[in-house]
Amino acid sequence: MIDRELEKERQRRLRAAHRAVVKLGTNIVTGDAGEICIERVKPLVRSMARLKSAGRQLVLVSSGAVGLGAGRLGLHRSRLADVVTRQACAAVGQSLLMHAYEQLFREHDIRIAQVLLTEGDFTDWRRYTTLRRTMEKLLKLNVLPIINENDTVSTAELEYLNKGAERVFSDNDALAALVMSKLDSDALVLLTSVDGLLSRGAQDARERAVKTEEAAVISLVEEITPELKAVAGGPASGGRGGMITKLEAAQLAMRAGGVAVIANGHKPDILERIFAGEPLGTTFMSTSRMGGKRRWIAYAAGVRGRLVVNDGARDAIIGGKASLLSSGVVRVEDRFEPQDVVAIMDSEGREFARGIINCASVEAKALIEYGAEAEATRAARFGALHARVLVTRDNIVLLEKR
């Protein structure tokens, strides 16, 4: 049973959402033969046009380039396992995707802009802020930005999941959430081919091809717990994401102070109905908010190195009482430069925080290995206090337990 006050707040925030990011999944954009699914995309374009006419600012994150390219090249899905083939398909398909959107949005006199991004646009703080300025200018000019990863030059999204390497984003769900966070958007809407986050019983029934009722959808989520993540399934057919990536995207949206909705893009007028406050799909809503730079450290920045700390330093950091001093570091791993983001690990190798490092790895190692001598050298350059501080408290972000 949903609390009435929470339901009122959900309706209020969606109805009042001025700026929103909408993500369309591969199974919405493309058909079985690798073509643009006009019967699904055209109504969504019409809805976005109406929402813009009503004064909302929209950003579209669209999947589908790889699928469209494969369709044009006559390649079966089974032949897309290697990254280079998928990059070639993306190169062919991206122009097809934008051509289709240009035609569809032109019918409503809406100007669009193609924005292709790579991980570097998020991991580098200067490029991150430049992206914000560019996007703000496009929105001010009443242009609808259409975003995708630059698959032709980036391999992050094109690699399949569970390869072990840490990435800023490996799918368009995460990309959409990062864009939403960067633009301080009010809402993130992820349209897929399911009704929302289903309860475990509903998922089991769905796997047995038994009809599930809408009541089986978890309608409102205030906190994404490990138990909730366990309910989510694996990647959807045709895409690289899945419900777990959508939960992670929703979590970032919540940390940014916004509302996220996972809903079925096949339903009529789904976007307009969501922003009218109808209880569709699964809504994720939180009252807490993390600051913009701290969100960048936690979610967008690339981790360049690792600092293993002792138990005393760990307790002080978790308690939010102190900066990380050189005396609390046991070991420095990998190479990094000043102002890079580093992982802060406990003695058992578990990452519990991230922060912006004040010095290069060479200096950090010297401070640990040579103690007072290295500290004196650095103190002569930066002052006694800064000689000992590797990561200041304001630049440390604690990570949630995963």
Side-chain angles (χ1 to χ4, degrees), residues 119-120 122-129 156 163-170 174 178 181 226 248 251-252 255 290-402:
E119 288 202 342
F122 293 95
T123 58
D124 183 280
W125 178 251
R126 291 181 180 177
R127 289 169 64 178
Y128 191 58
T129 53
K163 294 292 185 181
E166 183 178 349
R167 305 179 187 124
V168 173
F169 59 87
S170 58
L178 286 168
S181 171
E248 291 169 349
Q251 189 170 43
L252 174 51
R255 296 297 295 272
M290 180 185 286
K293 190 171 186 179
R294 295 173 65 80
R295 292 199 306 272
W296 177 74
I297 294 171
Y299 295 102
V303 174
R304 304 299 183 188
R306 295 170 177 80
L307 302 178
V308 179
V309 303
N310 59 36
D311 292 343
R314 177 186 180 278
D315 293 343
I317 291 171
I318 289 178
K321 300 175 182 178
S323 300
L324 177 58
L325 306 182
S326 58
S327 58
V329 178
V330 176
R331 187 169 68 255
V332 176
E333 298 179 354
D334 301 325
R335 297 178 60 183
F336 49 80
E337 298 298 327
Q339 302 305 303
D340 280 347
V341 172
V342 296
I344 303 174
M345 324 285 288
D346 63 20
S347 57
E348 296 183 5
R350 290 187 295 257
E351 182 185 10
F352 66 92
R354 289 180 183 176
I356 299 176
I357 189 75
N358 291 330
C359 63
S361 53
V362 173
E363 286 187 86
K365 287 178 180 178
L367 284 168
I368 295 166
E369 294 175 9
Y370 301 109
E373 182 181 345
E375 187 172 315
T377 301
R378 198 161 191 268
R381 295 170 59 193
F382 303 108
L385 176 62
H386 292 289
R388 300 172 56 235
V389 177
L390 297 186
V391 185
T392 57
R393 182 173 56 188
D394 292 343
N395 287 333
I396 295 176
V397 175
L398 295 177
L399 302 182
E400 296 182 359
K401 294 180 180 179
R402 300 179 189 274

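Partners of T129 by side-chain contact (heavy atoms from CB on, under 4.5 Å), not counting sequence neighbours, listed by chain and number: W125, R133, K182. Looking at residues two or more places apart in sequence or on another chain, you find no side chain to side chain donor-acceptor pair (under 3.5 Å) involving D340. The side-chain contact (heavy atoms from CB on, under 4.5 Å) search around N310 returns A313, V330, not counting sequence neighbours. Residues satisfying the side chain to side chain donor-acceptor pair (under 3.5 Å) test with E337, not counting sequence neighbours, are none. Here R393 pairs with S323 under the side-chain contact (heavy atoms from CB on, under 4.5 Å) rule; sequence neighbours left out. Take D334 and apply the salt bridge (Lys or Arg N to Asp or Glu O under 4.0 Å) test, not counting sequence neighbours, and it matches R306. Residues satisfying the side-chain contact (heavy atoms from CB on, under 4.5 Å) criterion with R350, sequence neighbours excluded, are D346, E348.
In this structure the side chain of Q339 never reaches within 4.5 angstrom of the side chain of I357, judged on heavy atoms. Looking only at side-chain heavy atoms (C-beta outward), V391 and I356 stay at 4.5 Å or farther from each other. Counting only heavy atoms from C-beta outward, the side chains of L324 and L307 approach each other to under 4.5 Å.
Of all non-hydrogen atoms in L367 and S326, the two that sit nearest each other are CB-CB, 3.9 Å. Contact detail for S347 and V308: the closest heavy-atom pair is CA-CG1, 4.3 Å. When all heavy atoms of C359 and A364 are compared, the pair lying nearest together is SG-N, 3.8 Å. Smallest separation of non-hydrogen atoms from I396 and A353: CG2-CB, 4.1 Å.
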>> Please evaluate residues E351 and L399 with respect to the criterion side chain to side chain contact (heavy atoms under 4.5 Å, CB included), reporting the C-alpha separation (whole Å), side-chain torsions for both, the decisive distance (0.1 Å), and the verdict.
In response: CA-CA 8 Å; E351 182 185 10; L399 302 182; 3.4 Å; yes
>> Working note: V341 + R304, criterion side chain to side chain contact (heavy atoms under 4.5 Å, CB included); need CA distance, chi angles, decisive distance, verdict.
In response: CA-CA 6 Å; V341 172; R304 304 299 183 188; 5.8 Å; no
>> Applying side chain to side chain contact (heavy atoms under 4.5 Å, CB included) to V303 and R354, what does each step give before you reach the verdict?
In response: CA-CA 8 Å; V303 174; R354 289 180 183 176; 3.6 Å; yes
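R314 forms a cation-pi arrangement with F352, by the criterion of a distance under 6.0 Å to the ring centre and an angle within 45° of the ring axis.
A salt bridge does not link K365 with E363: every distance from a Lys NZ or Arg NE/NH1/NH2 to an Asp or Glu carboxylate oxygen is 4.0 Å or more.
Proximity of a side-chain donor or acceptor of N358 to a complementary backbone N or O of L390 within less than 3.5 Å is detected.
In this structure, F122 CZ and S181 OG are separated by 9.0 Å, a value rounded to the nearest 0.5 Å.
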